[in-house]
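Here the structure comes first, spelled out in structure tokens, and everything after it is commentary.
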Amino acid sequence: MTERIEDVWGRRTPYAPGAPWPPRVDQRLTVAEERVERWVPSACVLCSNGCGLDIAVADGAIVGVRGRADDRVNHGRLGPKGLYGWQANASGDRLTEPLIRVGGELRRTDWDTAMGAVVDRSREVLARQGPLAMAFYTSGQLFAEEYYAQAVIARGGIGTPHLDGNTRLCTATAEWALVESFGSDGNPGSYGDIDLCDTLFLVGHNMAETQTVLWSRVLDRLRGQDRPRLVVVDPRSTPVAREADVHLPIRPGTNVALLNAILRELIRHDRVDRAFVDAHTVGFAALAEVVEPYTPEHAAGICRVPAEAISRAAAVLGAADRLVSTVLQGVYQSHQATAAAVQVNNVHLLRGMIGGPGRTVFQMNGQPTAQNAREAGANGTLPGFRNWQNDAHVAEIARAWNVAAERIPHWSPPTHAMDIFRHCEDGTVRFLWVTGTNPAVSLPDLRRIRSLLSRDQLFLVVSDAFPNETTALADVVLPAALWGEKTGCYTNPDRTVHLSEKAVDPPGQARPDFDILLDYARRMELRDREGRPLPPWTGPEEAWTAFTALTRGRGCDQSALDYAGLRATRGVQWPCTERAPHGTERLYTDHVFPTGAAVCEDYGYDLVTGAQHEADEYRAHDPAGRAFLKAAPYLPPHEEVDADHPLTLTTGRRVHQWHTRTKTGRVPELRDAAPDVRVELHPDDAAAHGIAEGDLVRVTSRRGTTVRAPAVLRGTRPGVVFLPFHYGYFDRPEPVRHDRAANELTRTEWDPVSKQPLFKVTAVRVDRIAEATDAATATTGDAGTEGR
Ligand SMILES: Nc1nc2c(c(=O)[nH]1)N[C@H]1C(S)=C(S)[C@@H](COP(=O)(O)OP(=O)(O)OC[C@H]3O[C@@H](n4cnc5c(=O)[nH]c(N)nc54)[C@H](O)[C@@H]3O)O[C@H]1N2
Ligand SMILES: Nc1nc2c(c(=O)[nH]1)N[C@H]1C(S)=C(S)[C@@H](COP(=O)(O)OP(=O)(O)OC[C@H]3O[C@@H](n4cnc5c(=O)[nH]c(N)nc54)[C@H](O)[C@@H]3O)O[C@H]1N2
Ligand code: SF4
Ligand SMILES: [Mo]
């Protein structure tokens, strides 16, 4: 059965507003059902959505998965990656032994030798250069317990501020947009709000391909009684855009101009909840002033969409009584990322549509456990959404870890990933440990990344489950257990926490990251102030207990959420406290926001310059529970098109592939559904360059780097070229020619507030290099993404 490969969203189960979303159980087994010995509770880790599922086990192996009908997230459904992706675990080329570089080559070794080398080099670097030469670059795909272990080890044990996640590339802007508007990370709403809304606003979010099960829920509303209206902002005609009542295919990088025009229309047509704005927000006058020049005509000139369409979109949003908005990478990976994301929050604040049923904004997540990296402090913030500038917050962490507060670096913000890599490049970082991410494909400007990761003076440790482009550059490779082979918790964008239980043993000598990290801490003899081992735990459950205790009193309070509770209820939304032991569906129902100076996660930044707000300045204007309406004028992207590079490249995802394909590239059904890179072009641009469907073309950046790919003539607005970033080099023959990964073309630049790098706007030229071949056209199929 390969049903969900072709039919991505499955059979429709339409429903009316306020009715429950009907269950539909999706299952895939590679053996007869009678042979299944156990079903082990878990959730999917192949996107942020967090679909509840059970893992089927027979003869000590995973043999399938089944969606859980009673799970609040997916009501039984699974998408293509959820149904098929698990098969990668059993791939024959899993890393099963540690590897160590000897004489320029990676050779097999044992754990003692590998960890011995990691620890020796750590000690040497600490002795010679100190903790600021030690860095950790982690994931959005490990478990909460593992991130918390990393936070304790790096910040409390080693004492380095250089710990961040690939969440910097992913949802740093989600986090900062929430902090800048509401004072703290954490999405206010619930997936249940989709059942209740009358209007949906999707901004830079191709939900149909990137959260297929959530899109099934939306499609079921769109096909049901009282269809919600749908406004979509995306330069491409995605499956989401094709369902829209109003689609605004704006020029990439112009979100702020568009959103300012929408806000101006809402104000001018008096679609503002004045009582809400007066009682629960600060900054209205400044916002109204900043958006005033953005008439629909002015924005239309910048965004290159009709002014009338902008007015129509604003009218739909202005007429909404129950509005749900979602924001993702089309906003987050642009130059004014946080500024734009915050304007979507502002739509909700102006309209008083937050904290109530069917009224919310999702600053969406992408990776399955990005939320946990953020909560646990493994991503460039401190654990429990604590403020590094607030000494009382740092003291709470120091108490929990039983270390001196001075040991936890907090003289400046925790280092962001783009700076960590700069430090590797300039030689101030000498030891880098990468866990659960593949920067040699996913970071921008890959030529630079390969070069800095290959530096002799940098000792590179990589924990992964598969050989990939980054392990190829490592000094030591540590074989990691995957999902299904270890136990831990993770949290989706509507704050639903699942416990994923170990179903089978990891292959060979592979070990859970948690065990590897604890082993490192022990060998490094990290200690608290009483000389006890730091961290003191022996297993993930103890780490969870310690982590949740540290969340007490914070926005992400999970102090009443233990493994037993998670086993009993399977999917609980935080906050989960003694007062709300079954979790909490919505935040801010009382319209009091965690912005007070004593509680807020950060004092914030100037949205335009990125200048850090100081504690004193914040306290002097303490918003004390009101949300911020923060404004920003539109600024053009730094890399605009010109005669030599006349097209704008934007990059992103395809439904069947996951990131750098270390998993989906090892699952035949998924691999074959989208086997190779291709470039989407508008037919008019193609005609202007003499390019026909399937022709091999070369995409060239201002830096002279190139990608070669067959052309597909559809999908995008004129002037825009789209490349998926999934395709690196692990499945390319040697010697590798570096002309396949989208990130050969992108550059080192980031949003001033969230520090999220830009992947969505690059000036390029496109040249035809060869006529279509059958092989080329065979790779361009688009299985299953036509509307249903
Ligand atoms: N199949 C699949 N699903 C995934 C993933 C995957 O790899 N594969 N990855 C997961 C992860 S980690 C993430 S972060 C999410 C990402 O999920 P999405 O954000 O939905 O995916 P992207 O394709 O990166 O980008 C979304 C859209 O932004 C549009 N866009 C480009 N420039 C602009 C702009 O200037 N303005 C606006 N408004 N839109 C623009 C693009 O055309 C694209 O359709 O997906 C998650 N789900
Ligand atoms: N051009 C362009 N670039 C982008 C983006 C884009 O839209 N365009 N999107 C960005 C975004 S949003 C993201 S999230 C990143 C994703 O980029 P990456 O994080 O680099 O992508 P993955 O392929 O998911 O890499 C995860 C790695 O962890 C390994 N792994 C999986 N599970 C485990 C585990 O439990 N333990 C360990 N130790 N390893 C594990 C996998 O085998 C894989 O090698 O890419 C970013 N880069
Ligand atoms: S929507 Fe995401 S979490 Fe759900 S099955 Fe698909 S990949 Fe897994
Ligand atoms: Mo992501």
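Just so it is clear, the model here is predicted, and its values are computed rather than measured. Start at 1 with the first residue, then count along the sequence.
Taking every heavy atom of both residues into account, Thr173 and Ser754 meet most closely at OG1-OG, 2.8 Å. In this structure, Glu601 and Val179 approach most closely via the heavy-atom pair OE1-CG2, 3.6 Å. Nearest heavy atoms, Arg66 versus Gln27: CD-OE1, 3.2 Å. When all heavy atoms of Phe385 and Cys556 are compared, the pair lying nearest together is CE1-CB, 3.5 Å. Closest approach of Asn260 to Ala632, counting heavy atoms only: ND2-O, 2.9 Å. Shown here for Arg4 and Gly79, the closest heavy-atom pair between the two residues is CG-C, 3.6 Å.
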### Task
Report the C-alpha separation of Leu350 and Phe284 in whole Å, then their side-chain angles, then the decisive distance to 0.1 Å, and conclude whether the side-chain contact (heavy atoms from CB on, under 4.5 Å) test is met.
CA-CA 8 Å; Leu350 283 190; Phe284 177 75; 3.6 Å; yes
### Task
Output, in order, the C-alpha distance, side-chain angles, deciding distance and verdict of salt bridge (charged side-chain N to carboxylate O under 4.0 Å, His left out) for Arg251 and Glu640.
CA-CA 11 Å; Arg251 200 160 58 91; Glu640 291 265 42; 3.4 Å; yes
### Audit row: Tyr84, Thr664, side-chain contact (heavy atoms from CB on, under 4.5 Å) steps and yes/no
CA-CA 8 Å; Tyr84 295 90; Thr664 50; over 6 Å; no
### Message
One pair to check against side-chain contact (heavy atoms from CB on, under 4.5 Å): Thr13 and His75. What are the steps and the verdict?
### Response
CA-CA 11 Å; Thr13 51; His75 296 207; over 6 Å; no
### Task
Quick one: do Gln573 and Glu585 satisfy side chain to side chain donor-acceptor pair (under 3.5 Å)? Show the steps, please.
CA-CA 6 Å; Gln573 286 173 289; Glu585 185 165 23; 5.3 Å; no
### Query
Where do Arg374 and Thr167 land on the side chain to side chain donor-acceptor pair (under 3.5 Å) test, with the steps shown first?
CA-CA 8 Å; Arg374 280 146 55 185; Thr167 46; over 6 Å; no
### Task
Go through the steps to decide whether Glu175 and Gln756 satisfy the test side chain to side chain donor-acceptor pair (under 3.5 Å), and finish with yes or no.
CA-CA 11 Å; Glu175 174 182 22; Gln756 184 158 348; over 6 Å; no
### Message
Show, in sequence, the C-alpha distance, side-chain angles and deciding distance for Leu219 and Arg12, and conclude whether the side-chain contact (heavy atoms from CB on, under 4.5 Å) test is met.
### Response
CA-CA 8 Å; Leu219 268 186; Arg12 294 278 54 76; 3.7 Å; yes
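To the nearest 0.5 Å, the span separating OG1 on Thr595 from NE2 on His280 amounts to 12.0 Å. The CE atom of Met364 sits 8.5 Å away from atom CG of Asp494, with the distance rounded to the nearest 0.5 Å. Residue Asn492 holds its CG atom at 8.5 Å from CD of Gln371, rounded to the nearest 0.5 Å. To the nearest 0.5 Å, atom CD of residue Gln367 and atom OG1 of residue Thr171 are 7.0 Å apart. The distance from atom CG of Asp234 to atom CG of Leu202, rounded to the nearest 0.5 Å, is 9.5 Å. Going from atom CZ of Phe628 over to atom SG of Cys600 covers 7.0 Å, rounded to the nearest 0.5 Å.
The backbone N or O of Val720 sits nowhere less than 3.5 Å from a side-chain atom of His682 that would complete a donor-acceptor pair. Formation of a donor-acceptor pair under 3.5 Å by the Gln333 side chain with backbone atoms of Leu169 is found in this model. Here the side chain of Gln329 pairs no donor or acceptor atom with the backbone of Gly204 at under 3.5 angstrom. Judged by distance alone, the side chain of Asn187 and the main-chain N or O of Gln363 form a donor-acceptor pair under 3.5 Å. No donor-acceptor pair under 3.5 Å is formed between the side chain of Asp195 and the backbone N or O of Pro20. Judged by distance alone, with hydrogens and angles left aside, the side-chain atoms of Thr369 form a donor-acceptor pair with the main-chain N or O of Gly140 at under 3.5 Å. No side-chain donor-acceptor contact under 3.5 Å links Arg717 to the backbone of Pro235. Of the possible donor and acceptor atoms, one in the side chain of Asp751 sits under 3.5 Å from a partner among the backbone N and O of Ala337. Within the 3.5 Å criterion, the main-chain N or O of Pro724 finds no donor-acceptor partner in the side chain of Arg678. The closest donor-acceptor contact from the side chain of Lys81 to the backbone of His656 lies at 3.5 Å or more, if one exists at all.
Here the side chains of Ser334 and Asn255 are in contact, with some heavy-atom distance below 4.5 Å. Under the 4.5 Å side-chain criterion, counting only non-hydrogen atoms from C-beta, Pro188 is in contact with Leu178. Considering only heavy atoms from C-beta on, Leu635 stays 4.5 Å or farther from Val256 through its side chain. Within the 4.5 Å cutoff, no side-chain heavy atoms of Val761 are placed close to those of Glu639. Within the 4.5 Å cutoff, no side-chain heavy atoms of Asp220 are placed close to those of Arg217. For the pair Val305/Pro249, a side-chain contact is recorded, criterion being any heavy-atom separation below 4.5 Å from C-beta on. Side-chain contact between Arg271 and Glu265 is absent, with no heavy atoms from C-beta onward closer than 4.5 Å. Looking only at side-chain heavy atoms (C-beta outward), Tyr634 and Tyr294 come within less than 4.5 Å of each other.
Side-chain atoms of Asn345 and Glu180 form no donor-acceptor pair, as typed in the model, at a separation below 3.5 Å. Looking at Thr254 and Arg304, their side chains never bring a donor and an acceptor atom within 3.5 Å of each other.
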Name the atoms and distances for all side-chain donor-acceptor pairs under 3.5 Å in residues 314-327, with sequence neighbours left out.
{"from": "Asp321", "atom 1": "OD1", "to": "Arg359", "atom 2": "NH2", "distance (Å)": "2.9"}
{"from": "Ser325", "atom 1": "OG", "to": "His348", "atom 2": "NE2", "distance (Å)": "2.6"}
{"from": "Thr326", "atom 1": "OG1", "to": "His205", "atom 2": "ND1", "distance (Å)": "2.8"}

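Comment: Arg11 does not engage Asp7 in a salt bridge, judged by the lack of any side-chain N to carboxylate O separation of less than 4.0 angstrom. A salt bridge links Asp193 with Arg586; the closest basic N to acidic carboxylate O contact falls under 4.0 Å. With respect to the salt-bridge test (charged N to carboxylate O, under 4.0 angstrom), the residues Arg264 and Glu292 qualify. Using a cutoff of 4.0 Å between basic side-chain nitrogens and carboxylate oxygens, Asp26 and Arg28 are not scored as salt-bridged.
A cation-pi arrangement is present between Arg77 and Trp21 under the rule of less than 6.0 angstrom and at most 45 degrees off the ring axis. Seen from the ring of Tyr605, Lys755 counts as a face-on cation partner, given the 6.0 Å and 45° thresholds.
Surrounding CZ of Arg312 are more than 12 heavy atoms belonging to other residues, nucleotides or ligands, all under 6.0 Å away.
Considering Arg229, Arg221, Arg223 in turn, Arg223 is the only one that fulfils the salt bridge (charged side-chain N to carboxylate O under 4.0 Å, His left out) rule with Glu243. The side chain to side chain contact (heavy atoms under 4.5 Å, CB included) test with Phe722 singles out one residue from Val712, Leu681, Thr650, Thr238, and that residue is Thr650.
Using the six-membered ring where Trp is involved, Phe276 and Phe593 have ring planes that are perpendicular, over 60° apart on the 30 and 60° scheme. Using bins of under 30°, 30° to 60° and over 60° for the plane-to-plane angle, the ring pair Trp9/Trp215 lands in the perpendicular bin.
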